[in-house]
Amino acid sequence: MKPILQAINVSKHYGKFTAVNDITLDILPGTIHSVIGPNGAGKTTLFHTLTGTVPISAGSILLNGEEVAHLPAYKRVSKGLARSFQVTNLFPNLSVTENLRLAAQGRYFAQALNPWRRVESLNLAGDIASQLIEQLQLQHFSQRAAGELSHGQQRRLEVGMAMAGQPKVIFLDEPTSGMGVDDIAEMKQFIHGLRVQYTVLLIEHNMDIVMDISDQITVMQQGQILAAGKPEQIRNNELVRRAYLGSM
Ligand code: ATP
């Protein structure tokens with residue numbers, strides 16, 4: 001199977017500090033690929049470089065074989081990369097439906113150059129929002145302001161906003177952070193279901209989730225890859241256990 005996304009020798013320097021150091025990764029389509037590692041390992045910076053939030057200092061990023069490293073974030077979105085952030089990123093005063101519509105429009109409206117296509121894109125955004133509300137199981141909250149949802153629902157809505165642009169690859173940065181046990185279990189099922197439709201890159205500190213739903217795991221430490229493999233391989237990797245997983 002050909003990778004959908006590849007990082008080849010990607011580095012990111014901030015002045016003299018190297019946050020991401022010569023990372024090479026293949027992400028296979030339809031998989032959940034988790035990136036784990038201690039605080040400050042460079043996971044979020046790696047996501048930033050892949051999605052275009054920050055420019056890389058060196059290396060190459062291929063999406064379906066096409067070089068995208070030089071493209072700004074919004075162009076990578078139009079090619080199928082979508083991102084949810086570590087901190088919730090919703091419009092709290094807008095309804096659930098409006099949040100999803102805006103996210104969908106963000107991808108399609110900007111590309112529709114003539115007025116007729118723009119009307120079409122607005123209709124499409126409405127359809128996408130309706131479908132997503134069902135998928136996110138937020139039917140009873142569609143007109144509720146996003147800021148009034150529970151924390152777990154907000155995080156789910158945020159993933160929904162990443163899905164709204166109908167991407168190929170979704171980046172999720174700590175989607176369960178700050179959640180209670182029930183919300184975590186729901187989110188885990190939800191993310192697991194995503195790989196039917198998408199390729200998922202996941203940063204997650206909750207090892208139960210990572211070990212249960214990942215197809216592939218990359219472990220980072222000090223900007224570099226410490227280990228990569230399937231959950232069982234990572235669980236049994238002595239280096240990883242010592243550096244990160246403790247007494248798992
Ligand atoms: P966490 O699990 O705590 O979110 P992480 O693995 O995602 O950590 P990053 O946020 O990628 O780690 O940070 C990696 C390193 O890069 C850290 O030492 C951080 O201080 C540094 N760093 C991140 N962004 C910048 C920046 N804009 N300027 C300078 N240093 C930065």
Side-chain angles (χ1 to χ4, degrees), residues 5-27 32-61 68-74 76 81-90 151-152 154-155 158-159 161-162 169-180 183-184 187-188 191 199-214 216-229 231 234-235 237 239-248:
L5 183 67
Q6 290 169 281
I8 304 169
N9 304 119
V10 167
S11 293
K12 177 67 193 174
H13 310 298
Y14 290 111
K16 285 189 182 155
F17 179 74
T18 301
V20 169
N21 193 354
D22 202 24
I23 295 277
T24 293
L25 269 185
D26 279 358
I27 311 295
I32 297 180
H33 192 124
S34 295
V35 181
I36 66 172
N39 291 334
K43 306 178 295 293
T44 299
T45 308
L46 176 67
F47 271 28
H48 285 332
T49 61
L50 294 175
T51 55
T53 310
V54 299
I56 57 174
S57 308
S60 178
I61 298 166
V68 295
H70 59 289
L71 296 178
Y74 77 93
R76 294 191 212 182
L81 299 186
R83 170 91 189 261
S84 88
F85 287 84
Q86 212 166 346
V87 180
T88 30
N89 217 9
L90 305 167
H151 180 69
Q154 288 191 18
R155 300 300 324 235
E158 216 192 5
V159 179
M161 289 173 73
V169 185
I170 296 190
F171 291 76
L172 302 177
D173 195 344
E174 298 190 33
T176 65
S177 69
M179 277 187 181
D183 281 340
I184 288 178
M187 182 57 101
K188 176 173 141 184
I191 297 170
T199 303
V200 179
L201 262 110
L202 175 68
I203 295 177
E204 180 56 63
H205 283 289
N206 182 319
M207 280 310 115
D208 289 338
I209 297 185
V210 169
M211 291 298 164
D212 282 357
I213 69 173
S214 304
Q216 190 74 16
I217 299 173
T218 295
V219 188
M220 288 184 71
Q221 188 186 31
Q222 295 179 355
Q224 292 179 307
I225 294 181
L226 178 69
I234 297 301
R235 201 196 292 275
N237 183 309
L239 273 180
V240 177
R241 291 166 81 100
R242 248 184 277 147
Y244 182 52
L245 296 178
S247 57
M248 267 195 64

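For the single chain, residues carry numbers from 1 onward in sequence order. As the structure lists them, so they are numbered: ligands from 1, and atoms in each ligand from 1.
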Provide the number and element of each atom of ligand 1 under 4.0 Å from a heavy atom of [X].
X      : result
His205 : 2 (O)
Ala19  : 16 (O)
Glu174 : 2 (O), 4 (O)
Lys43  : 1 (P), 2 (O), 5 (P), 6 (O), 7 (O), 8 (O), 11 (O), 12 (O)

Atom pair [atom1]/[atom2] of [X] and [Y] - distance to nearest 0.5 Å:
X      : Y      : atom1 : atom2 : result
Thr24  : Ile225 : OG1   : CD1   : 6.5 Å
His48  : Arg83  : NE2   : CZ    : 5.5 Å
Thr176 : Met187 : OG1   : CE    : 7.5 Å
Gln224 : Asn21  : CD    : CG    : 4.5 Å
Met211 : Ile234 : CE    : CD1   : 7.0 Å

For ligand 1, is there an N or O atom under 3.5 Å from any N or O atom of [X]?
X     : value
Gly37 : no
Phe17 : no
Ala41 : yes

Distance to the ring centre below 6.0 angstrom and angle to the axis at most 45 degrees; does that hold for Lys12 and Tyr14?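 Yes - Lys12 lies over the ring of Tyr14, closer than 6.0 Å to its centre and within 45° of its axis.
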Just heavy atoms, cut-off under 4.0 Å: does Met220 contact ligand 1 by side chain, backbone, both, or neither? neither
Heavy atoms only: which of Thr44, Thr49, Asp173 is nearest to atom 10 (O) of ligand 1?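 That would be Thr44.
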Look at Arg155 together with Asp183 and state whether they make a salt bridge at an N to O cut-off of under 4.0 Å. no
